[in-house]
**Q** 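First, the structure itself, so that you have it in front of you.
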Amino acid sequence: MTATCSINELKARAENLHDELGFTPLIVTQNGKSALVVQTVEAYTKQQEKIAFMELLLTSRKNIQESNAEPIDDFLSSI
């Protein structure tokens, strides 16, 4: 579940924010509107790894559909 707080609340909670967040992003509002997303470095890194993996899967799928894929035996013998 994503938490929400104002910029003033963010400032007040800043010291303990890392421990509070864990892997949950925090949406920060300014004048009642969503303005920022705050997350730990660990959560950001994990998210970026997931995105990279999904991009790899999509590229692989596209290559297979376009018959640009290399036969597995050829690939295995090349490594």
Side-chain angles (χ1 to χ4, degrees):
M1 180 174 179
T2 303
T4 303
C5 76
S6 69
I7 288 181
N8 289 332
E9 291 172 318
L10 176 68
K11 290 177 187 177
R13 296 167 55 189
E15 186 175 330
N16 299 319
L17 199 57
H18 183 275
D19 295 332
E20 290 178 29
L21 286 178
F23 282 91
T24 305
L26 175 67
I27 296 179
V28 181
T29 60
Q30 184 174 22
N31 299 321
K33 296 180 182 177
S34 297
L36 303 167
V37 176
V38 177
Q39 63 186 146
T40 62
V41 171
E42 296 88 358
Y44 175 78
T45 301
K46 185 174 181 178
Q47 180 183 41
Q48 292 302 305
E49 289 171 352
K50 286 180 180 180
I51 290 170
F53 183 71
M54 287 187 287
E55 288 174 347
L56 179 62
L57 288 175
L58 290 172
T59 300
S60 298
R61 180 187 224 180
K62 181 180 174 189
N63 285 336
I64 290 169
Q65 289 172 341
E66 294 175 354
S67 298
N68 292 333
E70 182 178 358
I72 189 71
D73 292 334
D74 294 346
F75 171 74
L76 292 175
S77 68
S78 71
I79 56 174

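Side chains are part of it too, since the values below use all heavy atoms of this structure and drop only hydrogens, waters and symmetry mates.
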**Q** Would you name the heavy atoms of I27 and S34 that are closest together and state the gap between them?
**A**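 Residues I27 and S34, closest heavy atoms: CG2-OG, 3.6 Å.
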**Q** Counting only heavy atoms from other residues, nucleotides and ligands, does the tally under 6.0 Å from CD of E15 exceed 12?
**A** no
**Q** Measure from the side-chain N and O atoms of S6 to the backbone N and O of E9, and report whether any donor-acceptor pair falls under 3.5 Å.
**A** yes
**Q** Any chance CG of N31 has more than 12 other-residue heavy atoms, nucleotides or ligands included, within less than 6.0 Å?
**A** no
**Q** Do you know which two heavy atoms are closest between G22 and A43, and how far apart they sit?
**A** O-CB, 4.2 Å
**Q** Measure the CZ-CD distance between R61 and E66 for me, rounded to the nearest 0.5 Å.
**A** 12.5 Å
**Q** Return yes when atom OH of Y44 has more than 12 non-hydrogen atoms of other residues, nucleotides or ligands closer than 6.0 Å, and no otherwise.
**A** no
**Q** Other than M54, what residues sit in its cluster of Ile, Leu, Val, Met, Phe, Trp and Tyr side chains whose heavy atoms are under 4.5 Å apart, directly or through others?
**A**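 I51, which link up through side-chain heavy atoms under 4.5 Å apart, make up the rest of the cluster.
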**Q** Once rounded to the nearest 0.5 Å, what's the spacing between atom OG1 of T45 and atom CD of E49?
**A** 6.5 Å
**Q** Report the distance from atom CG of N8 to atom OG1 of T29, rounding to the nearest 0.5 Å.
**A**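 Reported value, rounded in 0.5 Å steps: 9.0 Å.
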**Q** Quick check: closest heavy atoms across P25 and Q39, and the distance to 0.1 Å?
**A**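 Distance-wise, the nearest heavy atoms are CA-CB, 4.4 Å.
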**Q** Only counting residues at least two apart or in another chain, list the ones meeting salt bridge (charged side-chain N to carboxylate O under 4.0 Å, His left out) with R13.
**A** E20
**Q** My understanding is that a hydrophobic cluster links ILVMFWY residues whose side chain heavy atoms are under 4.5 Å apart, including indirect links. Using that, what else belongs to the cluster containing L10?
**A** I7, L17, L21, L26, V28, L36, V38
**Q** Under the side chain to side chain contact (heavy atoms under 4.5 Å, CB included) criterion, do E42 and H18 qualify, and how do the steps go?
**A** CA-CA 10 Å; E42 296 88 358; H18 183 275; 3.1 Å; yes
